[in-house]
Amino acid sequence: MDFEKFTSKIWLSSPTMHGEEQQFVKKAFDSNWVSTVGENLTCLEKDICEFVGCKYAVALSSGTAALHLAVKLAGIKQGDRVFCSDMTFAATVNPVVYEKGVPVFIDEEYNTWNMDPEALKKAFKQYPDTKAVIVANLYGTPAKLDEIQEICNQNDAILIEDAAESLGATFRGIQTGTFGKYNAISFNGNKIITTSGGGVLLTNEEEAADKVRFWSTQAREKAPWYQHEEIGYNYRLSNVLAGIGRGQMIHLEEHKTLKRDIYFRYKEGLKDLPLQMNPYLSYSEPNFWLSCILIDPGCPVTPEIIREKLAEYNVESRPIWKPMHLQPVYQDHAFVASKEDADVGADIFTRGLCLPSDIKMTKEIQDVVIALIKSCFLLEKEKNK
Ligand SMILES: *Cc1c(COP(=O)(O)O)cnc(C)c1O
């Protein structure tokens, strides 16, 4: 290859700031509301509610905190089973364990790379007393949310939607983060928009939102002294960071458009290779947070060959989330697939790769990334001649 190694790293997905963020942060400083109360917090929560179309939003210190409090709202206690997406970031699942619940992992399907409704149905037959389901929208692609919602209703189970990666994505025209009884989004640095770190719990229930505000600020009862009748947490977002979020919200649609362009440039640029892009349903619109590929079965080019090639040129790519049932920490947990011996998550993990999807990546840089990926396949062909 006649390309030079990039002097500054091409990231998978890094924060993109615009300027408005600093103005809102300055407001917090000027008014001295730099702690966990203030206008930025109330306005950010209002902005999010209006954007996703949900009644209540509570801004928290992370998406993980939002998921933790969602699990608490669902009433998960010692020994309670919770059906969870399997191929996802560990933060989807860990909060179940914080509450001493027992995650049971549900396999994925190939159409969205998300929880397989068939496997979920099977899991309810196997464990009918399960109280809650946590579904993630991987890489910003909505799961089969209507089917999963319906299965939860039929089984009297509470649905929690982990929309950490999918803010701005829609399913049948409805924003993700609204399909669960309790929902979480993340403002971590690598997500589609960021507050440096932060998250939001979304719900249509006033009582649940109030409870989350209460728990997230140390569960202080209404008394002049510090009165505690429940265990609380220090999970509230800072008003300073909420200012970053307000500035970022202005640019959410723009980020989504740029991410979408990146996805379709990869799709076009890689179309002659034995691989597919991460798929989505025709009646859903991802936020295209990360563009990923799935290499055809039997192809000698492995995701690791591509990842290492890109790394040589200072380009970041990343393996697909390693399924939870393959993680040593969760090895004793049950895993339910739609068919005996099936393991879609493990298959996608083995053949898939997340490509750099940073919206500051120019078209010219992306063309180089595409050429580098192509070169891996050419090299392999040469070897086999
Ligand atoms: C990022 C992420 C989280 C956790 O969000 P944080 O804000 O980093 O705590 C949870 N689930 C998924 C699927 C994520 O990608």
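Owing to the predicted nature of the structure, the values given are computational and were not obtained by experimental measurement. In listed order, ligands and their atoms are each counted from 1.
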Apply side-chain contact (heavy atoms from CB on, under 4.5 Å) to Gln276 and Ile293, showing your working. CA-CA 6 Å; Gln276 294 162 43; Ile293 52 171; over 6 Å; no
If you apply the rule side-chain contact (heavy atoms from CB on, under 4.5 Å), what do you find for Gln248 with Thr195, and how did you get there? CA-CA 8 Å; Gln248 289 268 286; Thr195 57; over 6 Å; no
Is it true that the side chains of Asn137 and Glu161 contain a donor and an acceptor less than 3.5 Å apart?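 Yes, because at least one side-chain N or O of Asn137 sits under 3.5 Å from a partner of the opposite role on Glu161.
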For a quick check under 3.5 Å, do His251 and Glu20 share a side-chain donor-acceptor pair by atom type?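 Looking only at side-chain atoms, Glu20 and His251 do form a donor-acceptor pair, the distance falling under 3.5 Å.
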Is there any N or O on Asp162 that sits under 3.5 Å from an N or O of ligand 1?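 By distance alone, the answer is yes.
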Please determine if Gly63 has a nitrogen or oxygen closer than 3.5 Å to a nitrogen or oxygen of ligand 1.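 Among all N and O atoms of Gly63, at least one is under 3.5 Å from an N or O of ligand 1.
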Is it true that [X] and [Y] have a side-chain N and a carboxylate O under 4.0 angstrom from each other?
X: Arg236; Y: Glu45; result: yes
X: Lys309; Y: Glu304; result: no
X: Glu205; Y: Lys181; result: yes
X: Glu118; Y: Lys339; result: no

For [atom], grab the closest protein heavy atom and report residue, atom and distance to one decimal in Å.
atom: atom 5 (O) of ligand 1; result: Ser186 OG, 3.3 Å
atom: atom 4 (C) of ligand 1; result: Thr64 OG1, 3.5 Å
atom: atom 1 (C) of ligand 1; result: Lys191 NZ, 1.5 Å
atom: atom 15 (O) of ligand 1; result: Glu165 OE2, 2.5 Å

Enumerate the atoms of ligand 1 whose separation from the nearest heavy atom of [X] is less than 4.0 angstrom.
X: Ala91; answer: 3 (C), 4 (C), 10 (C)
X: Ala164; answer: 2 (C), 3 (C), 10 (C), 11 (N), 12 (C), 14 (C)
X: Thr92; answer: 11 (N), 13 (C)
X: Asn188; answer: 7 (O), 8 (O)
X: Thr88; answer: 13 (C)

Approximate separation, where rounding is to 0.5 Å, of Glu99 CD and Asn94 CG: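 With rounding to 0.5 Å, CD (Glu99) is 12.5 Å from CG (Asn94).
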Pick one of side chain, backbone, both or neither for how Ser62 approaches ligand 1, counting any non-hydrogen atom pair under 4.0 Å.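 It is both parts that get close, each with some atom under 4.0 Å.
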Location of contacts on Leu67 toward ligand 1, heavy atoms closer than 4.0 Å: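 The answer is the side chain.
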For the pair Asp116 (side chain) and Glu109 (backbone), establish whether a donor and an acceptor sit closer than 3.5 Å, ignoring hydrogens and angles.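 Not a single qualifying donor-acceptor pair exists.
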Against ligand 1, does Gly198 come closer than 4.0 Å with any heavy atom?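 In this structure, Gly198 qualifies as a contact of ligand 1 - some heavy atom is under 4.0 Å.
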Determine whether any heavy atom of Leu138 lies closer than 4.0 Å to an atom of ligand 1.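 Outside the 4.0 Å threshold, so no.
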